[in-house]
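Heads up, the thing below is written out as structure tokens.
All values below were derived from every heavy atom in this structure, side-chain atoms included, with hydrogens, water molecules and symmetry-related copies excluded. By convention here, the first residue in the shown sequence is residue 1. Since this is a predicted model, take the numbers as computed values, not measurements. For ligands, and for the atoms within them, numbers begin at 1 and follow the listed sequence.
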Amino acid sequence: MIVYLGVGSNLGNRKNNIEEGIRKINRLKNTKVLKQSSFIQTDPEGGPGGQPKFLNAALKISTNLSALKLLKRLKKIEKELGRTKAIRNGPRTIDLDILLYGDRMIRSKELIVPHPRMFDRDFVIKPLAEII
Ligand code: AMP
């Protein structure tokens with residue numbers, strides 16, 4: 001399956017966090033990172049004020065993992081990289097979103113694909129448009 005992911009970071013060494021995330025995604029079973037967009041810097045949307053800016057990128061990957069398994073693996077990577085869930089839309093070392101999973105439409109409790117907020121977010125669409 002060809003899958004597009006959105007990646008963002010606004011805490012610590014943002015570029016390092018994203019690159020480490022990409023390395024971890026590449027190490028998932030039957031999963032390969034095929035393409036990476038350039039990084040763009042964006043203002044945080046929502047959440048508490050005074051947050052640092054985000055660095056965002058999009059990834060094209062191939063995987064044999066189901067969408068739900070992939071989501072679980074991505075959440076584990078977020079945890080490993082030190083993301084805490086304390087504040088909604090608050091600062092995070094890494095945020096990993098499934099934007100597109102092949103041409104599937106998924107609507108479950110844990111997962112909505114295509115990602116519901118991707119179309120009105122420049123920081124998602126711009127890097128995605130670069131590689132899709
Ligand atoms: P966020 O704070 O943006 O990382 O949102 C995290 C929650 O959104 C996760 O616990 C997921 O279960 C849920 N979610 C729903 N759809 C998606 C998606 N397409 N990609 C990633 N997380 C999703």
Side-chain angles (χ1 to χ4, degrees):
M1 190 67 76
I2 295 294
V3 179
Y4 289 90
L5 303 177
V7 195
S9 170
N10 78 335
L11 259 195
N13 188 327
R14 301 167 306 168
K15 192 157 173 277
N16 261 21
N17 296 335
I18 292 178
E19 282 168 352
E20 187 57 26
I22 293 170
R23 271 193 290 278
K24 284 175 181 285
I25 292 166
N26 230 345
R27 279 189 231 120
L28 295 175
K29 207 174 156 200
N30 295 322
T31 302
K32 275 272 140 323
V33 176
L34 304 176
K35 259 191 203 176
Q36 179 189 335
S37 75
S38 46
F39 293 105
I40 62 165
Q41 179 158 278
T42 61
D43 288 318
E45 261 180 44
Q51 281 194 62
K53 291 188 182 218
F54 273 86
L55 211 57
N56 289 98
L59 304 176
K60 177 183 186 178
I61 69 170
S62 68
T63 187
N64 282 351
L65 296 171
S66 72
L68 211 52
K69 260 248 163 76
L70 177 63
L71 179 70
K72 286 196 179 127
R73 298 290 179 271
L74 296 179
K75 283 187 183 177
K76 188 161 169 258
I77 292 173
E78 288 182 344
K79 254 206 191 127
E80 287 169 359
L81 287 174
R83 174 164 178 196
T84 52
K85 285 268 178 179
I87 308 163
R88 188 170 154 76
N89 290 327
R92 65 264 322 261
T93 34
I94 195 151
D95 182 38
L96 297 168
D97 288 326
I98 301 175
L99 305 176
L100 300 169
Y101 185 86
D103 61 0
R104 300 276 178 87
M105 296 190 64
I106 303 163
R107 186 165 281 270
S108 68
K109 193 158 56 69
E110 308 95 320
L111 185 62
I112 302 173
V113 175
H115 194 287
R117 294 175 299 279
M118 65 185 270
F119 299 105
D120 46 49
R121 290 180 165 177
D122 272 2
F123 63 82
V124 178
I125 289 300
K126 277 187 183 161
L128 181 63
E130 202 187 299
I131 59 168
I132 202 164

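Of the polar atoms of Glu78, none of the N or O atoms is found under 3.5 Å from an N or O of ligand 1, judged by distance alone. Backbone and side-chain nitrogen or oxygen atoms of Ile98 are examined, and one is located within less than 3.5 angstrom of a nitrogen or oxygen of ligand 1. Considering backbone and side-chain atoms together, Ile112 places an N or O closer than 3.5 Å to an N or O of ligand 1. Between His115 and ligand 1, no pair of N/O atoms sits closer than 3.5 Å.
Those atoms of ligand 1 with a heavy atom of Val113 less than 4.0 angstrom away are 19 (N). Residue-ligand proximity, Lys75 to ligand 1, at heavy-atom distances under 4.0 Å covers atoms 9 (C), 10 (O), 11 (C), 12 (O). Residue contact check: Asp95 has heavy atoms under 4.0 Å from atoms 1 (P), 3 (O), 4 (O) of ligand 1. Here is the list of ligand 1 atoms found below 4.0 Å of a heavy atom in Leu71: 12 (O), 21 (C), 22 (N). Near Asp97, meaning under 4.0 Å from one of its heavy atoms, ligand 1 places the atoms 3 (O), 20 (N), 21 (C).
Identified under the salt bridge (charged side-chain N to carboxylate O under 4.0 Å, His left out) test for residues 57-72, with sequence neighbours left out: none. Residue pairs that meet the salt bridge (charged side-chain N to carboxylate O under 4.0 Å, His left out) test with at least one member in residues 96-116, sequence neighbours left out, do not exist here.
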- Task: Show the numbers, then the answer: is there a salt bridge (charged side-chain N to carboxylate O under 4.0 Å, His left out) between Lys76 and Glu80?
- Result: CA-CA 6 Å; Lys76 188 161 169 258; Glu80 287 169 359; 3.6 Å; yes
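Heavy atoms of Leu74 found under 4.0 angstrom from ligand 1: none, in either backbone or side chain. With a 4.0 Å cut-off on non-hydrogen atoms, Leu111 touches ligand 1 through its backbone as well as its side chain. Residue Leu99 does not touch ligand 1, judged by heavy-atom distances below 4.0 Å.
Salt bridge status for Glu78 with Lys75: absent, with no side-chain N to carboxylate O gap under 4.0 Å.
Put simply, the side chain of Asn10 reaches to within 4.5 Å of the side chain of Gln51, judged on heavy atoms.
The side-chain contact (heavy atoms from CB on, under 4.5 Å) with Leu59 is formed by just one residue from the set Val7, Val3, Leu96; it is Val7.
Listed for the Ser9 side chain is no donor-acceptor partner under 3.5 Å among the backbone atoms of Ile18. One N or O on the side chain of Asn17 and one on the backbone of Asn13 form a donor-acceptor pair closer than 3.5 Å. Glu130 contributes a side-chain N or O that, together with a main-chain N or O of Ser38, makes up a donor-acceptor pair within less than 3.5 Å.
Proximity of Lys109 to ligand 1 is not established, as no heavy-atom distance is less than 4.0 Å.
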